Every structure is written in C-alpha cells, then in structure tokens.
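One structure is given below, encoded as structure tokens.
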Amino acid sequence: MMMKVRRYLRGSGRVLAFVFIASVIWLLFDMAALRISINDVNSHLLKERVIQERKVFKQQFRATQMMKRGFKHPVQRMDMAVTHAGKEPLSSSVKLAQVYRQRGKKQDQMLGDTKQSHLQQAGDNPLKSDHSKSVVSEHNEGANLQKGPSKQGVMAKKAVDLDLSGPKVEKSGVIESFNKVTSLVVPSNITQVPPGVQENKAIKTADAVQHVLAEKDLKTNVKVTDQQRTSLQAEEAHPVKTTHPKKDVKAKVVDIKKEEKQVKKIVESDVNAAKQPPKPTIKLPAGDDSKDNFTAVRKPGVHKVLSLDLTHAPRDANAVGQFGQAVIVASDKDAEVKKRWDEGHFNVYLSDQIPVDRAIPDTRPDMCAQSLVHDDLPSTSVIFCFVDEVWSTLLRSVHSVLNRSPPHLLKEIILVDDFSSKDYLKKQLDVYMSQFPKVRIIRLKERQGLIRARLAGAAVAKGEVLTFLDSHIECNVGWLEPLLERVYLDRKKVPCPVIEVISDKDMSYMLVDNFQRGIFKWPLVFGWSALPDEYIKKNNMTIADPIRCPVMAGGLFSIDKKYFYELGAYDPGLDVWGGENMEISFKIWMCGGEIEIIPCSRVGHIFRGQNPYKFPKDRQKTVERNLARVAEVWLDEYKDLFYGHGYHHLLDKKNNNIGNLTEQIELRNRLKCKSFKWYLDNVYPDMDAPLVKAEGLVFNRGLRKCLTLQEGSLSFEICDLSKQSQLFNYTWMRQVRQQDLCVAPQAKKSGIILQLCDDAKSELRWFHKSSNSALAEHLMAEFVSRHMCLEAGPRGDTLRLNPCEPSNAFQKWQFTHYHAQ
C-alpha cells in the first residue's frame, strides 16, 4: 500500500496532491471569513436595534415623568404666518396642533396668510381638541376677566397689610428701616422702546411651533398606578394645582445611560433632592465673603432648558390676540377704545378681550432650546409691584409666570399693591389669586412708589433669587432657567431678559433686534444701543451669548437675594421712581458684579407713552432729585457732566434738597467699589465723557493774542502752549477756569476779576458755543439780565463786559481744543 502511494506521489502526481491540499485549506479559510462577515452584519443590526430601543425608552421615560409632574408639551418656535384668525373663524376641523411642528419638521399646511386679525368675540368657534392631545391650553377665566374663580369653596386669599411707617419688616443686609420714608406717588414710568422693533409687521420665523414629545408616546407609554390615578383625578377636580410639582415623585428606571439619571434628577422634587448624598462642591467667585456665594453643595447634573407652557384647559386658536397676533378693533368700537385708553395709556378695551393666558410666539434663537442648565438651580421669588394696574394685564403677567416657569424653581409670586385705589384690585384680586397657592399679596398702607414697594417685596421674599418684573408683561417660554443659570454660575451676575415689545395699540407681540444692550447718555438718560460690530467679531459672539450691559432698563432682572442686600439694595433715599436703574447698575459694576442681557430669556413688555397714575409731587423734580443723589455718590469728578447737561440749577442746595448721602458714601467705601473712571474704561469704553468742554489757549480774534494769568490778574501775551499760565479750561459748569480760579464779572461794574471757583455760583458761568447763533464764539455772562459779553481792549491792556456785538472781533474767543459743544 505504501509503495502505491509513493509511486503516485512521484512526478506530476506530487504536484496534483499539493494543489488539492492547498485548495481544501483555502476553502476552509474562505468559509471562516464568510462566517465572520455574517456575524459582523448581525452584530451591527443588533447594535442598531439596541440603540433604537434605548431612544424609545428614553422618550417613554421622559413622557412618563412629565405626565407625573403635570408637564405638557413644550412650546417651540412659531411662524406668525400660520396664526391668523381673520374675519372668519378657523374651522373646527383644524386642530391647534397644526400650528406647531414636530422637532425639525415644518408643517406643510398653513392656517392663513399674513393679514392682521379683526376683533371677534372669544370662543365663537372653539377648537374641538382632546385635552391629552392639546399642545397648549388656556384657563377658563379668559372669557370672564372681571370675575373671580367660578369654583365654589375656594377661600379668598387674605392679603398682607404692610405698613412701612411702622415696625421694620425684616432686617436683611444693610437695608435700613422703612419708617423714614414719606408717602409718595409713582411718577411716569416711561421706558424707551428698544430699537429695531418691527412695528405693524407679523413675526416671521423659519419654523412653526413643535412638539418635543410625540402624542403616541404620551398615549402608549405612560403608566399610571392606582395611587397616581387617584392623585390625577384630584387634580382634575382642583385644576389650579396642576401647575405645581408633586412632592414625592420618584422615577424608577433601568440604568441604561447617564443621561437617564440626569432626567430623573430633574423631575424629582426639592424634597427628594435634599435627601440625595452630597456631591463634590463647586467653588464660585466669592469676593470678600465666600461663605455666601452658593459654595455649599453643587450637583454637576445638567439638562436642556424646559420650554414649558402649562395650562389646564385647551387654548382656543380663534381667541382674540392668540399667538401674539395683532388685532384691529372694529371702527364702531373706536369710541370705547378712546374712552378706556386713559385707564392704562394703552388699548385697555382690546386687552380685556384677549385671554389672560394666551400663547405667544417663541422668539428665542434656535440654539436656545438646546442649551444646557444645571439641575439644582436656585429657587426664585418673582416680585410684581403695581398701583392701579389694569386687571387683564396684571392677570396676564401672573399667568405667564405660572404657566411658563418650572414649578420646582418658582418659590412664590409676590404681588405688592402700592396702595391702589381700584376696587377690583382689592377683594376681587384676593379671591382670584386664592386659587394659586404660590401667589402672595402684600398691600402697603400708603403710597410708597416703585422703589420702596420693591424693597417691601424683597423683605418678605423666601426664594434664593429675587426676580423683579413689571406688572404689564408676558414671559415667554424658557424664560426663567437661563436667568437662574447665570446666578448659579456666579452669584454676582445680575441677568436681565431681552425685553420685547407688546404693542400698546394692537397688543401684538413684536421682535426686537439682536445684540441690543442698555446704555445711558448724558445727563443719565437711559437708552438702547446695538453692540459695535467689531466687539461682536472680536469676541466671536453668537446671537445666544450673554451680552454685557452697562445699564439695565430696571424693570426686569434677577439678582441673588443675599448679594442684593450686600449691595445695600436700592438707595432708600430715592423717592418714588426714577434713577434707581442707574444707581443699582453703577453699584453692581463698580462693586464687583456684572449685568448681562440673556438672549435665551425673553419677556414681552407694554411700553406706554405716559404713566396713568396721579402723583402728589412734581414728577420732574422727583426724578431730578434722584439722579442728583446718584451723581453725587457714584460719578466722582464726572458728576460735572451730569450737571453740565442742563442740571446746573440742582447745584443750588438751598432750593434743592437731595437728602443725606452719608450712608451711601460709607456703603461705597465699605464695599471697596471702583471709581467711575474704571467703569467708563472697562464697562462702557465707547462712552464719550470728557471732563471739560474745551481746554488750552484762549485766543482773542481781535488782538491775535492769548489770555494769560500772571500775579493774580488777567492780561494778554503772544500765544505759547508751553506756558501753564496761558492754559484754561471751559468746564461743564460753564466756567473759564485755571486750577481753582475762575474768570468772573466784577459786581456792579463792567470790570473782570478772578474768584475762587464755586459750582453753585451762577455769576461765574459763561455761555460759549452753546448755539449756532451769531454769538456762538462770544463769552456771554449768564447771570446778567441783558446780553453782556467779555471783550478785550484794543491795546490789550483791559478786559471788561460790554453789550454783545456779533461782528466785534474783540468779543470773539477760541479755545485750542473743543471736546463738546
């Protein structure tokens, strides 16, 4: 046998055998490779299936948690082109959800064109939409603005009567007692409308409003236990409770990803959060007192901003003004509109037709919905101060906060009634607000004004952060968390929302330009200004980045409560209204804090032409007095620019008492605040603030020589910039000054003398370059009744006052450098 094998393997047989064996081995390798490839495909398919199942589970989990807490669909960006309610009401077959879109997918069908809606009765053709499917919904009181809650058994909420002239409400920080104040009335709170407002134009955005959770998930994936079902039934019986988080909601979820854990932390109540084990601390900038800078326990978890809009009943898409739409009142109602205009100096008649919890367009930059905030943000007390506010706008302000604020962050809403005279703001308001456990009403015993009313609200606030809002606003979706996030990161940051415009005429919600900031112009007049393009490019800013704000508008901002009192709160010496935004802005920046405008937080505001309230004292004098206090405490040598822009009369202390400034000056020293020059150099460098109006040589056109001061007297010399004796300043106090000496007319004579400078003395003031008249180059004495001008003698040996002559070259003077006219 072996011999046959050997014979076969000789020659060509050996080759054939080798080829056969090699083929068999190659076939085995090929089969093995095919098996591996099949396994890879199966593994990839399995992996995709697992990922998909995790995504589905995540959506189910979030839907379950939001349903447990009463959260409904977040509102997303809206295209105003689809929110019309024209002359004819929308068909009942059109669902409200058509106004919204799924995430990233536009609705193809629009509800109308871009015409403004005509006024119609709310609820003419209500939407037939199942409550579980409604994206946004409204409270039933929209049609009964002047009535209290219809539910029986609701106890009226008893307001707190706060007498600021009595015992001190609360000692906190450096705030002194309120018993020093007098009874005053709020003057006109006229706030400038931000530039770039698109008036009388529909808001057009790229997207319609979207769901974050699919309705299918809400229907099929929410499991409700018997105990939870009982609780939900109880909430249906008492709808006002649906906006408040349950205290003991706990999510039990498979530990798939860390993100699921973070979601669980978000939806758990503050009670459960307190029971969790301590996390590593995050040390924040502490300043002088690190123990008060929220450095205790910080949990590192984050989540996307919650874009909530909670209501109990479905909203009516046909309601007047719904979705922030402009409304044209029928011509036969013009008389009624005019009659009620003076109640609030806006269209009160139209406001009362609009639901108190209407939807408004989400005007945030697109990236804001994806921004992350920490899970353990501080709680806030929202403070509204009002006097004789219109019923519908006050309610709409409160509802916008309740509906669009995460309940676990909203500690309370404090309504401070500054001694209103309207009957509907008394018992009727108490009864209405009794359905909202988080709303408290504080009533002042006498008129105090906005500043002291805010101090009264802050004194009783329980939240970690104070959020001040005007009483004629509408908060947009996702407005609160971005503000609290900035305070969380640094307790000395004071964030302000972007203030958008609610038209006083048609109640439409209007966009404002991006990159706007609050500034001031002399003499401390607030205004809006766009960030310089070079600043935006240099800092590579996006439209969602916080904007450094030199001066806040003052009506809407959040501030850490402890820091508010460390700063001395508002100057208690400020009366009623006016200048408080300047005072707190300078104080924050110069004493270690920062003011920011947060583009991801948007609040609509009705800008009124004038204030509807009566006030016993002169409004202009009150504001001037307040601004003078601010200038004396915070502006240092730059206060001359304030007085020099038309407020010279305030320097007369005999006729203008601005009060004692000792405590405020001591506070500034104690806080070790920086100078106003530092503020101009570092916070508002593009502000033009020359300390003098003109300086250098004083050249006389007739003599062709310059004024000089030698041995205590004035004369003329050949002009020489190197000589200190020839250098003078023309100041904001309108003085021709060299060091401490000022040029002055001689009393009862026409001669000229030198006197020690005194800003309060009008006889030291000269008009120069104050107009484009023929006397612009003259130095005209201010205190003389008739026009008398400074004139050089033809031989250069005299200087005296003579009647002004436009063509007299010896009366024409020119400084070397002019910084302002």
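Note that the coordinates shown come from a computational prediction; the quantities given were computed from them, not determined experimentally. The analysis underlying the following values was restricted to heavy atoms, covering all of them including side chains, and did not include hydrogens, waters or symmetry mates.
The heavy-atom pair separating Leu574 from Glu580 by the smallest distance is CD1-CA, 3.9 Å. Smallest separation of non-hydrogen atoms from Pro599 and Val498: CA-CG2, 3.5 Å. Closest heavy-atom contact between Ile658 and Ala628: CG2-CB, 3.8 Å. Contact detail for Cys600 and Ala544: the closest heavy-atom pair is SG-CB, 4.0 Å. Minimum heavy-atom separation, Trp577 to Thr622: O-CG2, 4.1 Å. What you find for Pro806 and Ala774 is that their closest heavy atoms are CB-CB, 3.7 Å.
Judged purely by distance below 3.5 Å, without hydrogens or angles, the side chains of Glu782 and His648 never pair a donor atom with an acceptor atom. Residues Asn729 and Thr731 have side chains that never bring a donor and an acceptor to within less than 3.5 angstrom of each other. Using a 3.5 Å distance cut-off with no hydrogens or angles, the side chains of Thr708 and Ser725 do pair a donor with an acceptor.
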Review point. Going through the checks in order, is the side chain to side chain contact (heavy atoms under 4.5 Å, CB included) test met by Leu799 and Leu790?
Key: CA-CA 7 Å; Leu799 193 63; Leu790 185 65; 3.7 Å; yes
Exercise for review: For Tyr647 and His645, run ring pair (Phe, Tyr, Trp, His ring centres under 6.0 Å): C-alpha distance rounded to whole Å, both residues' side-chain angles, the deciding distance at 0.1 Å, then the answer.
Suggested key: CA-CA 6 Å; Tyr647 287 126; His645 279 81; 9.3 Å; no
Check your understanding: Going through the checks in order, is the salt bridge (charged side-chain N to carboxylate O under 4.0 Å, His left out) test met by Lys677 and Asp681?
Key -> CA-CA 6 Å; Lys677 184 179 186 307; Asp681 292 342; 2.8 Å; yes
Check your understanding: Do Asp740 and Arg737 pass the salt bridge (charged side-chain N to carboxylate O under 4.0 Å, His left out) test, and can you show the C-alpha distance, the side-chain angles, and the key distance before you say yes or no?
Key -> CA-CA 7 Å; Asp740 293 331; Arg737 179 171 183 160; 3.7 Å; yes
Point to revise | Derivation and outcome, side chain to side chain contact (heavy atoms under 4.5 Å, CB included), residues Leu450 and Asp418 | key: CA-CA 8 Å; Leu450 175 67; Asp418 190 19; over 6 Å; no
Practice item. Evaluate the side chain to side chain contact (heavy atoms under 4.5 Å, CB included) criterion for residues Tyr509 and Thr363: first the C-alpha distance (whole Å), next the side-chain angles of each, then the deciding distance (0.1 Å), finally the verdict. Key: CA-CA 10 Å; Tyr509 192 102; Thr363 55; 3.9 Å; yes
Exercise for review: Show the numbers, then the answer: is there a side chain to side chain contact (heavy atoms under 4.5 Å, CB included) between Phe728 and Leu741?
Suggested key: CA-CA 10 Å; Phe728 291 81; Leu741 294 176; over 6 Å; no
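Residues forming a side-chain hydrogen bond (donor to acceptor under 3.5 Å, both in side chains) with Asp758 (at least two apart in sequence, or on another chain): none. A search for salt bridge (Lys or Arg N to Asp or Glu O under 4.0 Å) contacts involving Asp636 returns Arg668, not counting sequence neighbours. Partners of Glu763 by side-chain contact (heavy atoms from CB on, under 4.5 Å), not counting sequence neighbours, listed by chain and number: Lys761, Phe783. The side-chain hydrogen bond (donor to acceptor under 3.5 Å, both in side chains) test applied to Asp686 returns Arg517, not counting sequence neighbours. Lys693 meets the side-chain contact (heavy atoms from CB on, under 4.5 Å) test with Tyr730, Trp732; sequence neighbours excluded.
A donor-acceptor pair under 3.5 Å is formed between the side chain of Asp571 and the backbone N or O of Gly573. Using modelled atom types, no side-chain atom of Lys521 and backbone atom of Gly527 make a donor-acceptor pair closer than 3.5 Å. A distance-only check finds no donor-acceptor pair linking the side chain of Tyr679 to the backbone of Leu635 [under 3.5 Å]. With hydrogens and angles ignored, the 3.5 Å screen pairs a side-chain donor or acceptor of Arg625 with a backbone N or O of Asn657. Using modelled atom types, no side-chain atom of Lys492 and backbone atom of Cys591 make a donor-acceptor pair closer than 3.5 Å. With His778 contributing its side chain and Glu805 its backbone, the two residues share a donor-acceptor pair below 3.5 Å. Distance alone, capped at 3.5 Å, places no donor-acceptor pair between the Asn347 side chain and the Met507 backbone. Side-chain N or O atoms of Asp470 include none that pairs as donor or acceptor with a backbone N or O of His472 at under 3.5 Å. In this structure, Asp545 contributes its side chain and Thr542 its backbone to a donor-acceptor pair below 3.5 Å. Judged by distance alone, with hydrogens and angles left aside, the side-chain atoms of Gln726 form a donor-acceptor pair with the main-chain N or O of Ile718 at under 3.5 Å.
Glu624 has its side chain out of reach of Asn656: every pair of non-hydrogen atoms, C-beta onward, lies at least 4.5 Å apart. The side-chain heavy atoms of Glu695 and Thr816, taken from C-beta on, include no pair separated by under 4.5 Å. For the pair Cys757 and Gln738, the minimum side-chain heavy-atom distance is 4.5 Å or more. A 4.5 Å side-chain heavy-atom check between Phe557 and Ile595 finds every atom pair outside the cut-off. Inter-residue side-chain proximity for Phe607 and Ile499 is flagged as met; some heavy-atom pair is nearer than 4.5 Å. Taking the side chain as every heavy atom from C-beta outward, Leu661 and Arg629 approach each other to under 4.5 Å. Using a 4.5 Å cut-off on side-chain heavy atoms (C-beta onward), Phe767 and Leu779 make no contact.
Under the 6.0 Å cut-off for aromatic ring centres, Phe515 and Tyr535 do not qualify, their centroids lying 6.0 Å or more apart. A centroid separation of less than 6.0 Å is found between the aromatic rings of His768 and Phe815. Residues Phe586 and Phe520 place their aromatic rings such that the two centres sit under 6.0 Å apart.
Of the inter-residue distances, the one linking Glu474 atom CD with Ile606 atom CD1 reads 7.0 Å to the nearest 0.5 angstrom. Here the straight-line distance linking atom SG of Cys385 with atom CD of Gln448 works out to 11.5 Å at 0.5 Å rounding. Once rounded to the nearest 0.5 Å, the distance linking CZ of Arg619 with CG of Asp575 reads 14.0 Å. The structure places CG of Leu707 at 9.0 Å from CG of Asn700, a figure rounded to the nearest 0.5 Å. One finds the OG atom of Ser715 at 10.5 Å from the CG atom of Asp797 (value rounded to the nearest 0.5 Å). Put simply, CE on Met582 and CG on Asn626 are 12.0 Å apart, with the number rounded to the nearest 0.5 Å.
At most 12 non-hydrogen atoms from other residues, nucleotides or ligands lie less than 6.0 angstrom from NE2 of His787. More than 12 heavy atoms of other residues, nucleotides or ligands sit less than 6.0 Å from atom NZ of Lys653.
Remark: of the listed residues Glu791, Glu777, Arg701, Glu791 is the sole one forming a side-chain hydrogen bond (donor to acceptor under 3.5 Å, both in side chains) with Gln811.
Judged as a disulfide bond (SG atoms under 2.5 Å apart), the pairs with a partner in residues 786-821 (not counting sequence neighbours) are, in order, Cys789-Cys804.
Sulfur atoms SG of Cys549 and Cys496 are positioned 2.5 Å or more apart.
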